[in-house]
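Written out below as structure tokens is the structure these notes cover.
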Amino acid sequence: MFRSLLVPRVAARSAFKQQSLPTIFTPAIGRRGYATSEEKDMVIIGGGVAGYVAAIKAAQLGLKVSCIEKRGTLGGTCLNVGCIPSKALLNNSHLYHTVLHDTAGRGIEVGDVKLNLAKMMSSKEDSVTGLTKGVEFLFNKNGVEYIKGAASFTGEHDLKIELNDGGERTISGKNIIIATGSEAMPFPGLEVDEKRIITSTGALSLDKVPEHLVVIGGGIIGLEMGSVWSRLGAKVTVVEFQERIGGPGMDVELAKDSLKFLKKQKINFKMSTKVMSGDASGDKIKLELEAAKGGKQETLEADVVLLAIGRKPYTGGLGLENIGIEPDEKGRLVIDSEYRTKIPHIRVIGDCTFGPMLAHKAEEEAVAVAEYIVNGHGHVNYGTIPSVMYTHPEVAWVGQTEEQLKEDGVTYNVGNFKFSANSRAKTNLDTEGYVKILADKETDRILGAHIIGPNAGEMIAEATLAIEYGASSEDIARTCHAHPTLAEAFKEAAMSAYGQPIHQPPNVRK
């Protein structure tokens with residue numbers, strides 16, 4: 001059993017004793033001792049990715065379901081102010097940048113190219129609206145009741161809802177799922193107004209391109225939003241406390257190469273640097289910086305500052321104190337391996353509990369929690385949750401890194417294949433990056449895959465499936481891949497891990 005498959009389950013266990021799974025047919029008892037009139041098999045607080053997927057799956061399994069969401073639109077952070085709008089801006093800003101700087105060599109002559117930022121934002125909003133309304137359509141087709149309002153516990157089975165349109169409503173659930181997501185981490189001394197001091201939400205809606213955007217935090221969100229505004233013409237400076245970008249989950253080699261590629265795109269970096277204070281009282285925002293280990297100090301001026309230092313669980317206003325549930329020291333709600341709190345019929349999924357704050361992780365938990373309630377069993381493999389950074393080139397990974405394998409004392413082979421040796425990448429004139437596969441030295445089983453390059457976010461699915469089914473690098477290498485495709489780079493990296501690639505010299509790191 002590999003480390004990545006063990007650790008998350010240990011993390012998911014709570015300190016309290018395991019309690020028996022309540023049947024979904026136990027009647028909810030109201031405060032006066034009788035079953036309440038508005039009783040559902042499942043009530044979900046939060047209509048984000050975790051909540052809406054759980055609602056649909058539970059309804060498909062035959063439960064009577066209500067989903068409560070106070071935003072007024074479904075989809076949560078991901079669809080409204082996260083994954084979806086950011087990818088719209090990343091795609092369109094990349095097209096704009098390509099037309100400006102990368103057409104002459106392709107035999108395409110263009111005239112006067114102009115940015116219509118308002119239209120670009122409108123296009124983004126069209127994508128968001130279409131998808132959020134699509135979720136509401138799926139609720140209707142699956143018989144899920146959608147309640148617009150803010151819910152809080154008044155009892156272990158009972159919720160009070162402050163309706164968005166005014167008034168109150170009460171509802172009772174035999175099972176209650178908390179799926180309230182996360183929010184941006186604040187930065188001491190810099191008050192967010194989403195105009196000059198912004199989170200990722202404000203970064204998606206600026207009405208003009210800032211002259212100088214400073215991003216505090218070199219993680220995925222900061223680098224993606226920095227890429228958008230750099231392509232659109234802003235000077236961008238990223239201030240990162242750590243020695244490398246991308247966060248702790250990214251393989252060190254990929255982090256170093258990502259930094260190199262982003263610097264080539266004229267994004268400035270101040271690594272191993274901390275922001276001591278900020279002053280937004282003048283025309284320019286002034287940030288006082290200092291070397292992370294002390295010493296060198298400097299002042300940095302910006303028109304807009306993006307706070308991208310992470311996110312924290314959002315559980316405010318739920319009335320958890322009324323039912324004796326308290327967050328842990330990181331603000332997360334503690335659960336066991338079946339997502340139950342110490343009150344067994346109240347479960348938690350998504351960003352407000354343990355694990356990576358990723359939409360697809362939340363979706364997997366949403367399906368599993370519905371299956372646990374109805375069938376008594378569910379499944380999420382926390383060792384096969386991929387991550388993607390949608391910069392250019394894209395960066396994607398799944399499984400274990402070299403650093404984790406070394407820490408665990410696992411011997412392994414490394415297979416590398418560069419996109420510069422891939423025919424499709426060559427014809428696309430998009431050859432930066434490589435595929436890197438880590439395979440167990442004794443069994444050849446794939447332990448991790450790390451890709452930096454074109455289409456990495458799509459290609460990582462093959463690696464995820466391979467790890468899920470315990471494939472060896474030879475299994476991948478002997479699987480026919482269409483030609484010419486970028487995916488052939490994955491095949492050749494696998495060949496490199498257990499033998500030799502065809503289209504580049506033998507891997508010297510074997």
Side-chain angles (χ1 to χ4, degrees), residues 81 85-86 89-90 93-94 96-97 100-101 114-115 117-118 120-121 183-247 255 258-311 389 391-392:
V81 290
S86 67
L89 290 183
L90 279 159
S93 64
H94 178 64
Y96 173 71
H97 189 267
L100 275 181
H101 304 288
K114 295 180 179 179
L115 170 66
L117 185 59
M120 186 177 285
M121 291 296 176
E183 61 182 340
M185 199 88 73
F187 190 91
L190 291 174
E191 186 175 347
V192 174
D193 60 9
E194 299 298 11
K195 300 292 185 183
R196 299 173 73 217
I197 309 294
I198 62 176
T199 65
S200 56
T201 298
L204 295 167
S205 302
L206 294 178
D207 57 9
K208 65 179 181 179
V209 178
E211 288 184 27
H212 187 196
L213 170 67
V214 172
V215 180
I216 303 178
I220 292 176
I221 293 174
L223 296 176
E224 288 183 351
M225 290 295 93
S227 293
V228 166
W229 292 104
S230 175
R231 294 168 189 167
L232 298 181
K235 175 185 176 183
V236 174
T237 301
V238 177
V239 182
E240 170 55 48
F241 181 79
Q242 301 296 333
E243 295 179 353
R244 62 190 181 95
I245 62 173
S258 297
L259 179 60
K260 178 178 67 177
F261 291 141
L262 291 170
K263 282 182 175 179
K264 284 173 61 178
Q265 297 168 26
K266 308 302 182 185
I267 296 178
N268 306 300
F269 287 87
K270 292 185 178 295
M271 306 301 296
S272 300
T273 302
K274 56 184 175 182
V275 178
M276 303 300 294
S277 63
D279 181 3
S281 60
D283 293 337
K284 299 284 186 180
I285 304 165
K286 293 185 178 181
L287 301 175
E288 300 299 327
L289 311 182
E290 183 177 287
K293 295 180 180 179
K296 183 181 177 182
Q297 299 179 347
E298 65 176 305
T299 299
L300 195 62
E301 291 189 347
D303 300 285
V304 176
V305 173
L306 167 59
L307 305 181
I309 57 174
R311 298 181 66 82
M389 183 168 77
T391 52
H392 188 83

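Since the model is a prediction, treat every value here as computed from it, not as a measurement.
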Side-chain donor/acceptor of E240 to backbone N/O of Q242, under 3.5 Å
yes

Tell me if the NZ atom of K274 is crowded by more than 12 foreign heavy atoms within 6.0 Å.
yes

Going through the checks in order, is the side-chain contact (heavy atoms from CB on, under 4.5 Å) test met by M276 and Q297?
CA-CA 9 Å; M276 303 300 294; Q297 299 179 347; over 6 Å; no

Could you go step by step and tell me if I245 and M271 meet the side-chain contact (heavy atoms from CB on, under 4.5 Å) rule?
CA-CA 8 Å; I245 62 173; M271 306 301 296; 3.6 Å; yes

Applying side-chain contact (heavy atoms from CB on, under 4.5 Å), run through L206 and L213 and close with a yes or a no.
CA-CA 11 Å; L206 294 178; L213 170 67; 5.5 Å; no

Looking at side-chain heavy atoms only, is the closest gap between L89 and M120 below 4.5 Å?
yes

Here the gap from L306 atom CG to I221 atom CD1, rounded to the nearest 0.5 Å, amounts to 9.0 Å

Which distance, rounded to the nearest 0.5 Å, do you find between the CD1 of I197 and the CD1 of I216?
7.5 Å

Spatial distance of atom CG (L115) from atom OH (Y96) [nearest 0.5 Å]
5.0 Å

To the nearest 0.5 Å, atom CZ of F269 lies from atom CG of L259 at 5.5 Å

Could you tell me whether the side chain of I285 reaches within less than 4.5 Å of the side chain of V214, counting heavy atoms only?
no

Evaluate the side-chain proximity of K270 to E298: yes if any heavy-atom separation is below 4.5 Å, no if none is.
yes

T391 and Q265, any side-chain heavy atoms less than 4.5 Å apart
no

Listed once per pair and sorted, the side chain to side chain donor-acceptor pair (under 3.5 Å) pairs that draw on residues 206-218, sequence neighbours left out
H212-T237

Testing the basics here: between S200 and V81, what is the closest heavy-atom pair and its distance to 0.1 Å?
OG-O, 4.4 Å

Do the non-hydrogen side-chain atoms of K286 and E301 ever get within less than 4.5 Å of each other?
yes

How close do A255 and R244 get, heavy atom to heavy atom, and via which atoms?
CB-NH1, 3.9 Å

Any carboxylate oxygen within less than 4.0 angstrom of a Lys/Arg side-chain nitrogen, looking at R196 and D303?
no

Backbone N or O of M225 within a donor-acceptor pair of the S227 side chain at under 3.5 Å?
no

Non-hydrogen atoms of L204 and P85 that approach each other most closely
CD1-CG, 3.7 Å

Distance, nearest 0.5 Å, that separates NZ of K293 from CZ of F241:
9.5 Å

Heavy atoms only: give me the nearest A234-P210 pair and the separation to one decimal.
CB-O, 3.0 Å

According to side chain to side chain donor-acceptor pair (under 3.5 Å), does anything in residues 185-195 pair up with another residue at least two apart or in another chain? List the pairs.
E194-T199

Using modelled atom types only, decide if a donor and an acceptor are shared between the side chain of S93 and the backbone of L90 within a distance under 3.5 Å.
yes

Rounded to the nearest 0.5 Å, how far apart are CG of L289 and OG1 of T273?
6.5 Å

